[in-house]
There are 2 protein chains.
Amino acid sequence: MSGRPASPHTLASAEEPVVFVVDDDASVRDALSNLFRSVGLRVEVFGSAHEFLQSKLPNVASCLILDIRLPRLSGLDFQAELAKADIRIPIIFMTGHGDIPMTVRAMKAGAVDFLTKPFRDQDMLDAVTTAIERDRVSRDEARVLSDLHARFATLTPREREVMGLVTAGLMNKQIAAEIGIAEITVKIHRGHIMRKMAAKSLPDLVRMAEMLGIGPASGRPQT
Amino acid sequence: MSGRPASPHTLASAEEPVVFVVDDDASVRDALSNLFRSVGLRVEVFGSAHEFLQSKLPNVASCLILDIRLPRLSGLDFQAELAKADIRIPIIFMTGHGDIPMTVRAMKAGAVDFLTKPFRDQDMLDAVTTAIERDRVSRDEARVLSDLHARFATLTPREREVMGLVTAGLMNKQIAAEIGIAEITVKIHRGHIMRKMAAKSLPDLVRMAEMLGIGPASGRPQT
DNA sequence: GGCAGGATCATACCTAGGTTTGGGACCGCG
DNA sequence: CGCGGTCCCAAACCTAGGTATGATCCTGCC
């Protein structure tokens, strides 16, 4: 217990966020880089979507500043690509001459903001603050859910079935009748479930089941 | 209550949805009215935001088509007014000459779509379908939550406190120690809670507490 | 004052949940 | 073929949850 900066299992919120900038215009990159650095934000710039994809994304809260009009791949298409590749990062669009349908499409797809050039520095900074915070929250949620999935994966098929029935509110004897085994066996499964899932109480387990989307009908819902 | 035609709790989804159109241009109102009626949708048109507000909103899934440029109150301001008055209805904006900041503001505030005139009929119909469906889901959720709140309101302060601790996973004896009463009294409160909330099981009660956003009120994180 | 409702508690009794100990049976895999 | 994992079960034993009966105390209210 010394002055260690962070534990191995650190919250995304505990580390330094990063702003990624993708724009083919070097002067824009420089300007944004200076802007963000002036308020103490880490920045990484890229000249193309391709470059950005090749870089290794750090596991910290981040956001992406994207020009809608990129050389080989438009900002909107890039947004769609990221979504398809399951890379979830809040996006802030910039545009010199965008139109309304573009804007609608981007916002519907979850963009944080859509700024028209020239924009005020403060508007960009506000958007980035919102985006980083959104990513921080979503990363924290994802981490919790991932831990949960890992524990759930250690359950045997039978234990998963029993977990569904337990969290649905059935009594041990009802569960036993439902799946055709003895009540004592249900109790044993139940004990295993509580230990493997690290649930401190039944309400705890119920909340885990909710997060995992577990119902009594779940035969093998493993994604 | 005498004149109750339908069953006491009807799903919003079970009734005929309505499309509201607010536009100061009569020809636009007529055109949209015809369009929606041609696909079998109920329509009600208004010449101003004021007129719309004066009308009694039926309790069915609905959506609102709004021109961004209304005479006395802009579409955006009207959207804000509705939000402030806690009138939640999905909004689809139309505009002849809108700009991107307007679009962004509308979409951030939750607009379903933002169509530029002239738009294709199909685009409008798609937007309406999405909006109606969104409203249907949100009404169903609101109805369930409202029932829950009504039952929760019948709990005494003490019962609410105990409910928070029970659903947090504390044992009866822990709850008793926590609030300084006997375990038997906790059990009695607990029985009252289950009956008043109409919970068929503890998991049931836990899910209700989740929906109501109930924690161990006295700020006791048990994670 | 008296009444209603909330909150408290005791005793008694019953059911539900949970662990331990000690098995038996099946199956895939090295 | 034996090892490990899964699934099954029983007896014994303990704790936790839940209800009923009956009671006391207080407070707000007509």
Side-chain angles (χ1 to χ4, degrees), chain A residues 149-210 212 214 216-222, chain B residues 149-210 212 214 216-218 220 222:
Chain A
H149 270 290
R151 273 172 285 159
F152 186 66
T154 70
L155 297 187
T156 68
R158 199 51 143 179
E159 285 164 355
R160 281 174 216 178
E161 188 179 6
V162 171
M163 178 170 166
L165 296 166
V166 165
T167 55
L170 275 70
M171 286 185 309
N172 287 343
K173 65 170 70 171
Q174 294 176 306
I175 297 171
E178 181 84 14
I179 63 182
I181 62 175
E183 188 183 345
I184 182 68
T185 310
V186 174
K187 290 184 180 182
I188 292 169
H189 283 316
R190 202 166 166 158
H192 291 163
I193 294 165
M194 296 299 283
R195 255 186 297 112
K196 286 186 178 178
M197 294 301 291
K200 292 181 306 306
S201 63
L202 177 56
D204 229 38
L205 191 72
V206 171
R207 276 183 283 266
M208 291 180 188
E210 288 289 292
L212 290 168
I214 309 274
S218 59
R220 330 269 140 158
Q222 262 303 57
Chain B
H149 270 292
R151 273 172 285 159
F152 187 66
T154 69
L155 297 188
T156 68
R158 199 50 141 180
E159 284 164 357
R160 281 174 215 178
E161 187 179 7
V162 172
M163 177 169 166
L165 297 166
V166 165
T167 55
L170 274 71
M171 288 186 307
N172 287 342
K173 65 170 70 171
Q174 292 176 307
I175 297 171
E178 182 82 16
I179 64 182
I181 61 176
E183 189 183 344
I184 183 67
T185 310
V186 174
K187 289 185 181 181
I188 292 169
H189 284 317
R190 202 165 165 159
H192 292 163
I193 293 165
M194 294 300 283
R195 254 184 295 113
K196 287 186 179 179
M197 294 301 289
K200 292 181 306 304
S201 63
L202 178 55
D204 228 39
L205 191 72
V206 172
R207 276 183 283 264
M208 290 180 189
E210 287 289 292
L212 289 168
I214 309 266
S218 31
R220 187 83 176 66
Q222 211 236 322

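A quick note: this is a predicted structure, and the numbers were derived from the prediction, not measured. Here is the naming used below: chain letters follow the sequence lines, and residue numbers restart at 1 for every chain.
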Engineer: What is the distance, to the nearest angstrom, from the NZ atom on Lys187(B) to the P atom on dG17(D)?
Structural biologist: 7 Å
Engineer: Please evaluate residues Arg158(A) and Ile181(A) with respect to the criterion side chain to side chain contact (heavy atoms under 4.5 Å, CB included), reporting the C-alpha separation (whole Å), side-chain torsions for both, the decisive distance (0.1 Å), and the verdict.
Structural biologist: CA-CA 11 Å; Arg158(A) 199 51 143 179; Ile181(A) 62 175; 3.5 Å; yes
Engineer: In whole angstrom, what separates Leu202(B)'s CG from dG17(D)'s C1'?
Structural biologist: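 Answer to the nearest Å: 10 Å.
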Engineer: For Glu183(A) and dG18(C), what is the distance between atoms CD and P respectively, to the nearest whole Å?
Structural biologist: 11 Å
Engineer: Which heavy atom of Ile193(B) sits nearest a heavy atom of Leu155(B), and at what distance?
Structural biologist: CA-CD2, 4.2 Å
Engineer: To the nearest angstrom, how far is Met171(B) atom CE from dG18(D) atom C1'?
Structural biologist: 16 Å
Engineer: Does the side chain to side chain contact (heavy atoms under 4.5 Å, CB included) test come out yes or no for Glu159(A) and Arg190(A), once each step is laid out?
Structural biologist: CA-CA 7 Å; Glu159(A) 285 164 355; Arg190(A) 202 166 166 158; over 6 Å; no
Engineer: Identify whether any heavy atom of Ile188(A) sits under 4.0 Å from a base atom; if not, whether one sits that close to sugar-phosphate; answer base, sugar-phosphate or nothing.
Structural biologist: base
Engineer: Would you mind reporting whether Arg207(A) and Glu210(B) have side-chain heavy atoms less than 4.5 Å apart?
Structural biologist: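 They are in contact (side-chain heavy atoms under 4.5 Å apart), so the answer is yes.
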Engineer: Which part of the nucleic acid, if any, lies within contact of Ile184(A), taking any heavy atom under 4.0 Å across all strands shown: a base, the sugar-phosphate backbone alone, or nothing?
Structural biologist: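 Result for Ile184(A) = base.
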Engineer: Using a 4.0 Å heavy-atom cut-off across all strands, classify Thr156(B) as base, sugar-phosphate, or nothing.
Structural biologist: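 Since only primed, P, OP1 and OP2 atoms lie under 4.0 Å of Thr156(B), the category is sugar-phosphate.
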Engineer: Among dC7(D), dG17(C), dC9(C), which nucleotide sits nearest the side chain of Arg158(A)?
Structural biologist: dC7(D)
Engineer: Nearest to the Ala182(B) side chain among dC7(D), dT8(C), dC9(C), which nucleotide is it?
Structural biologist: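 For the Ala182(B) side chain, the nearest candidate turns out to be dC9(C).
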Engineer: What heavy-atom pair brings Met197(A) and Arg151(A) nearest, and what distance separates the two atoms?
Structural biologist: O-NH1, 2.7 Å
Engineer: With the side chain of Ile181(B) defined as its heavy atoms from C-beta on, choose the nearest nucleotide among dT8(C), dA16(D), dG17(C).
Structural biologist: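 Closest nucleotide among those given: dT8(C).
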Engineer: Does dA7(C) have OP1 or OP2 under 4.0 Å away from a side-chain N or O of Thr185(B)?
Structural biologist: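 No, no such contact exists.
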Engineer: Among the candidates dA7(C), dG18(C), dA16(D), find the nucleotide nearest to the side-chain atoms of Arg190(A).
Structural biologist: dG18(C)
Engineer: Glu159(A) CD to dC8(D) P: how many Å, rounded?
Structural biologist: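 Spelled out: CD on Glu159(A) to P on dC8(D) is 10 Å.
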Engineer: Using whole Å, report how far NE2 of His192(B) lies from C1' of dA20(D).
Structural biologist: 11 Å
Engineer: Give the rounded distance in Å between these two atoms: NE2 of His189(A) and P of dT19(C).
Structural biologist: 14 Å
Engineer: Can you check the Asn172(A) CG to dC8(D) P distance for me, whole Å?
Structural biologist: 14 Å
Engineer: Go nucleotide by nucleotide along DNA chain C from the 5' end; which of Gly180(B) and Thr154(B) gets its closest nucleotide reached first?
Structural biologist: Thr154(B)
